[in-house]
J.: 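What follows is a single structure, and I will ask about it in a moment.
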Amino acid sequence: MNRFVEEIKEILKTEVDLSEEEIERIIEIPPEEKLGDYAFPCFILAKRLKKSPEKIASNLLEKLKPKDLIEKIYSIGPYVNFRVNKKKLAEFVLTDIFEKNKSYGKDILGEGKTIVIDFSSPNIAKPFGVGHLRSTVIGNSLYKIFEHLGYKCIGVNHLGDWGTQFGKLIVAYKNWGDEKKLSSDPIMTLFDLYVKFHQEAEKKPELEDDARSWFKKLENGDEEAKKIWQRFKDYSLKEFEKIYLMLEISFDSYAGESFYNKYIDQTIEEVQKKGLAEKSQDALVVNLKKFNLPVCLLRKKDEATLYATRDITAAIYRYKTYRFHKLLYVVGSAQKLHFQQVFKVLELMGYPWAKDLVHVDFGWIKFEKKILSTRKGDVIFLEDVLKKSIEIALDIIQKKNPDLEKKDEVAFEVGIGAVVFADLSTKRQKDINFDWEEVLDFEGQTGPYIQYTHARLCSLIRKYGKPVKKDVDFSVFSLEEEYSIIKKLDDFPRKIKITAEMYEPSILCSYLLDLCSVFNRFYQKERIITDDKNSTDSRIFMIKGVKTVIELGLNLLGIKAPERM
RNA sequence: GCGCCUAUAGCUCAAUUGGAUAGAGCAUCGGACUUCGGAUCCGAGAGUUGGGGGUUCGAGUCCCUCUAGGCGCGCCA
């Protein structure tokens with residue numbers, strides 16, 4: 001815990017009839033800096049003491065005395081506000097960052113706990129569209145953030161490699177497949193087949209039955225079906241690897257839906273033994289009516305299994321294997337009901353860990369205000385988006401910094417960073433309108449803005465030309481702008497924790513934007529490197545701290561921080 | 001029909017989960033020291049937080065209701 005809050009607690013605890021925990025919970029950071037560094041709102045006491053919060057605040061003020069770290073106490077309306085000792089703040093925060101470097105904000109919160117994160121999970125034989133970006137980057141970022149907080153993370157790519165869709169593909173392949181096309185451009189060919197199937201099935205619904213029976217065959221281990229399936233899967237995985245390589249994302253497990261096939265009978269038996277399963281319209285279901293949920297289907301009338309059956313099986317397997325503290329499903333909000341059903345069935349099966357399953361849901365990526373439907377063939381390939389963004393980044397570099405070395409490498413990092421940041425910076429649950437212009441705009445609240453600020457900081461440190469060392473003079477920090485920067489830096493560990501608690505990388509995004517903005521304001525106003533050695537050393541020490549935190553923050557989002565751009 | 005999600009400046013989004021005067025970016029207009037990176041910074045205009053009611057000392061945030069959009073509701077995933 002923050003030493004300043006600690007001291008405020010010390011100051012308050014003898015004068016206020018609240019427990020230390022309560023005081024700590026109530027202490028807040030004012031919305032505007034000029035109001036103070038910390039505040040204690042008196043509303044809660046108002047009811048108990050039957051006095052107005054303004055009165056309580058002013059009465060309290062008379063009894064409170066500044067201490068070591070807190071140098072000023074005053075009240076504004078119903079708040080008691082505290083000002084910290086700037087010199088001490090600067091010393092603590094900047095030294096802490098300097099010593100811990102990339103471990104700044106690390107925590108023991110997650111010690112000994114494992115978090116399994118199910119993310120990305122693309123469907124085999126379908127192109128990797130922009131729609132898959134969200135799960136991929138949110139999951140990746142949460143992975144890194146939880147790791148920073150001391151958790152052991154297991155990233156699972158729950159590949160959509162099983163199900164009736166493969167029956168559809170096999171039918172389409174057998175009817176209209178072109179061997180030559182398939183080997184030369186597998187993903188596009190498979191995608192075309194998938195779209196073609198849906199077009200044809202509108203006219204000839206019996207195709208759907210064919211598809212179902214081929215999937216049934218696949219599930220029963222039919223050799224031909226299996227061979228075709230394996231081939232499609234291999235093609236797809238190769239394609240997905242390209243994307244993961246670009247984004248530098250890796251997984252600890254690729255156990256997809258097909259992986260659980262061998263455990264599925266066991267699951268169904270278990271559900272039946274626990275008296276939860278019943279026959280209904282020739283299918284095997286779990287009735288969840290009591291809980292205001294629709295029935296959960298375990299087996300179709302042709303005995304083939306469903307998505308829910310496989311997810312239930314997967315959760316049990318994951319618990320046995322990892323003993324997770326939490327299992328996060330980073331999956332679109334369209335599947336909310338599905339997860340409610342799955343979680344409920346697991347709860348009814350008597351697994352106490354069912355409460356540790358979390359659906360980290362998110363909204364759609366819409367294109368021109370419409371939702372893309374893979375079935376209908378509208379898709380924007382993620383690879384194209386990333387490439388286009390890299391291209392634009394390169395153009396800008398040519399224009400603004402033609403002498404830069406390793407332009408391609410930097411353009412790559414900036415281009416990818418722009419797309420990833422654009423996706424992460426909006427709150428999960430909102431739909432995103434995918435707009436080329438907005439995503440590829442590198443000014444304002446964007447990834448490149450943060451990267452640019454980072455590059456500028458690096459440039460300053462290079463110019464300084466000496467190794468940055470600690471034990472600088474902290475009393476030179478007297479400007480409001482410097483103070484804002486230091487306070488922001490101090491807030492980083494707290495923000496990381498909130499980001500994790502809410503499974504919301506956008507919180508870290510807006511933190512980084514704030515930090516950059518506060519620094520840029522200072523930079524624009526003040527010179528950092530001057531003839532005054534004392535002040536230069538101190539300011540560079542602070543600059544180093546800002547650089548460290550920005551780089552760390554970007555990395556936790558899965559974004560690179562180039563030193564020049 | 002029922003359930004869930006969303007609605008904040010012309011546009012894209014914030015608001016520390018019920019607290020102080022609702023803040024940023026984009027776009028528009030005006031501006032920035034002959035030395036540190038102008039992908040930057042400063043200023044201006046722009047708001048009945050979709051409408052209405054309620055709870056509360058206090059509501060963009062909670063409850064009710066209406067409107068608009070989205071998603072989901074048994075053999076897809």
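Numbered from 1 within each chain, the chains take letters A, B, ... in sequence-line order. For the numbers below, each heavy atom of this structure counts, side chains included, while hydrogens, waters and symmetry mates do not. Here the structure is a predicted model, which means the values were calculated and not measured.
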J.: Do the two ring centres, one from A/Phe128 and one from A/Phe240, sit under 6.0 Å apart?
T.: yes
J.: Answer with base, sugar-phosphate or nothing: what part of the nucleic acid does A/Tyr523 contact at a heavy-atom distance below 4.0 Å?
T.: base
J.: Roughly how many Å apart are B/C57 and B/A20, using the C1' atom of each and rounding to a whole number?
T.: 14 Å
J.: Does the structure show a Watson-Crick or G-U wobble partner for B/G60, both distances under 3.5 Å? Name it, or say none.
T.: none
J.: Applying a 4.0 Å non-hydrogen cut-off, can you work out what A/Gly163 is touching in the nucleic acid: base, sugar-phosphate, or nothing?
T.: sugar-phosphate
J.: Look at the rings of A/Phe339 and A/His359 and say which category their plane angle falls in: under 30° parallel, 30 to 60° tilted, over 60° perpendicular.
T.: tilted
J.: With a 4.0 Å cut-off on heavy atoms, is A/Arg212 in touch with a base, just the backbone sugar-phosphate, or nothing at all?
T.: sugar-phosphate
J.: So A/Lys495, base contact, sugar-phosphate only, or nothing? Heavy-atom distance under 4.0 Å.
T.: nothing
J.: Across all strands, who's sitting opposite B/G38 as a Watson-Crick or G-U wobble pair, both distances under 3.5 Å?
T.: none
J.: Would you kindly check whether a donor in the side chain of A/Arg527 faces an acceptor in the base of B/U35, or vice versa, at under 3.5 angstrom?
T.: yes
J.: When you check the phosphate oxygens OP1 and OP2 of B/C42, does a side-chain N or O of A/Arg521 lie under 4.0 Å from one of them?
T.: yes
J.: State whether A/Gln429 places a side-chain N or O below 4.0 Å from either non-bridging phosphate oxygen (OP1 or OP2) of B/U6.
T.: yes
J.: Please state whether the base of B/G25 and the side chain of A/Thr446 form at least one donor-acceptor pair under 3.5 Å?
T.: no
J.: With sugar-phosphate meaning primed atoms plus P, OP1 and OP2, does A/Pro41 contact a base, only sugar-phosphate, or nothing at under 4.0 Å between heavy atoms?
T.: nothing
J.: Heavy atoms only, 4.0 Å cut-off, all strands: where does A/Ile397 land among base, sugar-phosphate and nothing?
T.: base
J.: Mind checking if A/Ser506 touches a base, just sugar-phosphate, or nothing, with heavy atoms under 4.0 Å?
T.: nothing
J.: Check whether any side-chain nitrogen or oxygen of A/Arg428 sits under 4.0 Å from OP1 or OP2 of B/C5, and answer yes or no.
T.: no
J.: Answer with base, sugar-phosphate or nothing: what part of the nucleic acid does A/Gln281 contact at a heavy-atom distance below 4.0 Å?
T.: base
J.: Heavy atoms under 4.0 Å, any strand shown: does A/Leu306 hit a base, just sugar-phosphate, or nothing?
T.: sugar-phosphate
J.: Test of understanding: with ring pair (Phe, Tyr, Trp, His ring centres under 6.0 Å), list the residues that count as partners of A/Phe82, not counting sequence neighbours.
T.: none
J.: With heavy atoms under 4.0 Å as the rule, sort A/Glu257 into base, sugar-phosphate or nothing.
T.: sugar-phosphate
J.: Rounded to the nearest 0.5 Å, how far does CG of A/Asp311 lie from CG of A/Leu306?
T.: 11.0 Å
J.: For nucleotides B/G23 and B/U6, find the distance between their P atoms and express it as a whole number of Å.
T.: 23 Å
J.: If we take the P atom in both B/A46 and B/C66, what is their distance in whole Å?
T.: 36 Å
J.: Could a donor-acceptor pair under 3.5 angstrom be found where the side chain of A/Asn81 meets the base of B/A20?
T.: yes
J.: Name the pairing partner of B/G3, where a pair is Watson-Crick or G-U wobble with both distances under 3.5 Å, or state none.
T.: B/C71
J.: Please say which of A/Glu208, A/Lys300, A/Arg212 ends up in a side-chain hydrogen bond (donor to acceptor under 3.5 Å, both in side chains) with A/Thr164.
T.: A/Lys300
